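These notes concern the structure reproduced below.
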Amino acid sequence: MSRPPRIIEPFRIKVVEPIRMTTPAERRERLVEAGYNMFELRAEDVLIDLLTDSGTGAMSAEQWAAVMRGDESYAGSRSWYRFERAVREIFGFLHVIPTHQGRAAERILFSTICRPGHVVPNNTHFDTTRANVEAAGAEARDLPAPEGLVPSEPHRFKGNMDVDALEALIDEVGADRIPVCMLTVTNNTGGGQPVSMANIRAVAATCSRHGIRFYFDACRFAENAYLIKKREDGFADRSVRDIAKEMFSYADGCTMSAKKDGLANIGGFLATNDGDLAVQEENLLILTEGFPTYGGLAGRDLEAIAVGLEEVLHEDYLAYRIEVARYLGTRLSDGGVPIVEPPGGHAVYIDAAAFLPHVPSLELPGQSLVAELYLAGGIRAVEIGTVMFGRTDPVTGEEHPSAMELVRLALPRRVYTKSQIDYVIDVTLEVWQRRERIGGFRFLEQAPVLRHFTARFEPLYALGAP
Ligand code: PM9
């Protein structure tokens, strides 16, 4: 892979937040207290927090100014109309339903349209999306394109859906049992990989032919649109805004977590062109989230999102954002670390199965790697493998591994400098050097749903450098 160009952060830093180095002995103690679960650590014990890019970004001066203009009226606030205008202008959907974050939009959508016996296809469901489909009694079916499942194989659009598999699913279960087909952009579980416009058009055409609703899970829509501009023939001269608008023009609606490409710390929305569906969704919203002109958010949050949706489409910002992921990914792979190639939008994904080939999936290689990264350098990453997506058979108790064993180094937006990224590279390469002495983990406790958030683990080897 070619050397990336020099990174220049397209912002100046006006406010700083101290972070604290801990000793390896302190970190070992913190790991034991947390049951080796990264979600159970205190953030103050983390030096570089790459757990997630969700809600962890830095807001701009314009966003903070907008926060001060927040109109906190219960109904019909000025901030709501500003938010609705910003969403409609980019996404183009007729009805916009604000929610406190992405999973609330998912819950409202799936509990309105899904029933037992239904099947929801997605290029790859994220964990909350899958859990909300299943909570509504439906089956969540992942249909990634085959190249998306081979981490080492570079491909421009590894986030694509397998359109033949979608056709086969429609034949198998019938269109009337598919209440919605979704494309997650970028494909987070599959490595932060983009979906091409060609694939979007093909999925939309298939859905339309069979009368199936087509939705986006739009969390990282701007990163996806930028990667279309850079990687797909015919898009180099089009603006990212224009590409994003074309993406949404093919869909009937979307769910969105504004904690990602909304550049906000909280918020989300659900959007649709179907007026009758919007009424049902709003009724549910009123029951659990709030009145339809705020949906569980403060007026100031709506303002921050409205500004964030504009700023996220600035191409200087997106060039910097994608370049940081490419820099981190390239430096790691140059050092021998197996990653999902090429690096995607919001994160670099290490292939833990190839990093630790001697650790079987059911001994949770990704869990070993996240624990080692924290112990070695106070870096918090997240396992996206058997811990997050494996399954325990409720009848036999048998464990089923996930399709891939990934560890995600997620990049909060506008937060860390290049020298902090260099530190992450150094620590990861140090762990890579002693990979042969790293063993596996086992579960001590786990919840029946979304177990990765609260599970406790135990190492099957002596953790850390000798
Ligand atoms: N994604 C992430 O870290 C945050 C939760 S898990 C640590 O990647 C997609 C594609 C997501 C996503 C959240 C949600 C849910 C839906 N779809 O977190 O509820 O990546 O706002 O969004 C996380 P909320």
Side-chain angles (χ1 to χ4, degrees), residues 37-41 43 46 49-57 97-110 120 122-135 140 142 144 148 159 161 180 182-195 215-224 253-271 288-289 295-297 301 304-305 308 325 340 344-349 366 370 380-385 387-389 406-413 415 447 449-455:
N37 187 330
M38 297 297 124
F39 290 96
E40 297 286 335
L41 288 173
V46 174
D49 204 344
L50 308 185
L51 185 72
T52 177
D53 64 319
S54 178
T56 52
I97 296 166
T99 59
H100 78 273
Q101 61 184 86
R103 69 198 71 182
E106 291 168 351
R107 190 190 65 82
I108 290 171
L109 173 67
F110 299 132
V120 176
N122 197 316
N123 45 349
T124 314
H125 290 84
F126 192 61
D127 61 351
T128 57
T129 327
R130 169 173 290 279
N132 276 295
V133 167
E134 289 172 355
D142 290 341
M161 178 178 271
V180 64
M182 292 188 84
L183 274 179
T184 302
V185 290
T186 57
N187 184 341
N188 186 12
T189 311
Q193 298 292 320
V195 178
Y215 269 52
F216 280 103
D217 175 339
C219 294
R220 299 176 179 87
F221 75 97
E223 292 170 5
N224 198 96
C254 75
T255 57
M256 171 75 186
S257 167
K259 300 172 74 173
K260 286 84 171 174
D261 275 352
L263 296 182
N265 301 122
I266 195 70
F269 56 87
L270 177 57
T288 59
E289 289 274 306
L297 294 169
D301 301 324
I305 298 166
V340 174
H346 66 293
V348 169
Y349 291 67
V370 293
R380 175 155 68 169
V382 73
E383 194 265 13
I384 302 196
V387 174
M388 193 180 275
F389 287 107
L406 303 179
V407 164
R408 184 182 71 173
L409 304 173
L411 299 162
R413 292 168 180 78
V415 170
V449 183
L450 295 174
R451 64 185 184 179
H452 50 287
F453 288 122
T454 53

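We use all heavy atoms of the structure for the numbers below, so side chains are in, but hydrogens, waters and symmetry mates are not. For reference, positions follow the sequence shown, starting with 1. For ligands, and for the atoms within them, numbers begin at 1 and follow the listed sequence. Everything quoted here is computed from the prediction, not taken from an experiment.
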Quick one about R408 and N188 (side-chain donor to acceptor, distance below 3.5 Å, no hydrogens or angles considered), yes or no? yes

Could you identify the single nearest non-hydrogen protein atom to atom 17 (N) of ligand 1 and state the distance to 0.1 Å? D217 OD2, 2.8 Å

Could you list the atoms of ligand 1 found under 4.0 angstrom from a heavy atom of S257? 21 (O), 22 (O), 24 (P)

Atom indices of ligand 1 within 4.0 angstrom of C219 heavy atoms, with elements: 9 (C), 10 (C), 11 (C), 16 (C), 17 (N)

Looking at atom 24 (P) of ligand 1, what's its closest protein heavy atom, distance included? Q101 NE2, 3.3 Å

Please report the closest heavy-atom contact between G159 and N123, naming both atoms and the distance. O-ND2, 2.9 Å

Any side-chain heavy-atom pair from M256 and F221 closer than 4.5 angstrom? yes

Is it the case that ligand 1 has an N or O less than 3.5 angstrom from some N or O of R408? yes

Heavy-atom contact under 4.0 Å between G268 and ligand 1? no

4.5 Å side-chain heavy-atom contact, H346 and D261: no

Considering non-hydrogen atoms only, spot the tightest contact between T124 and T189 and give its length. CG2-CB, 3.6 Å

Return the closest protein heavy atom for atom 16 (C) of ligand 1 as residue, atom name and distance. E106 OE2, 3.1 Å

What atoms of ligand 1 come within less than 4.0 Å of a heavy atom belonging to R103? 5 (C), 18 (O), 19 (O), 22 (O), 24 (P)

Heavy atoms of T99 and L297 approach each other most closely as O-CD1, 3.4 Å

Checking the N or O distance criterion of under 3.5 Å, is ligand 1 in contact with T128? no

Taking every heavy atom of Q193 against every heavy atom of V340, the minimum-distance pair comes out as NE2-CG1, 3.5 Å

Consider only side-chain N and O atoms of R107 and T288, and report whether a donor and an acceptor are under 3.5 Å apart. yes

Electrostatic pair K260:D53 at N-O distance under 4.0 angstrom: no

Ligand 1 N/O within reach of K259 N/O, cut-off under 3.5 Å: no

Do the side chains of V120 and H125 get nearer than 4.5 Å, heavy atoms only? yes

Run the numbers for me: atoms of ligand 1, each under 4.0 Å from some heavy atom of G102, listed by number. 19 (O), 21 (O), 22 (O), 24 (P)

Measuring from the heavy atoms of K260, does anything fall under 4.0 Å of ligand 1? yes

The protein heavy atom nearest to atom 11 (C) of ligand 1 is F126 CD2, 3.4 Å

Min N/O separation T184 to ligand 1 under 3.5 Å: no

Looking only at distance, does F39 have an N or O less than 3.5 Å from an N or O of ligand 1? no

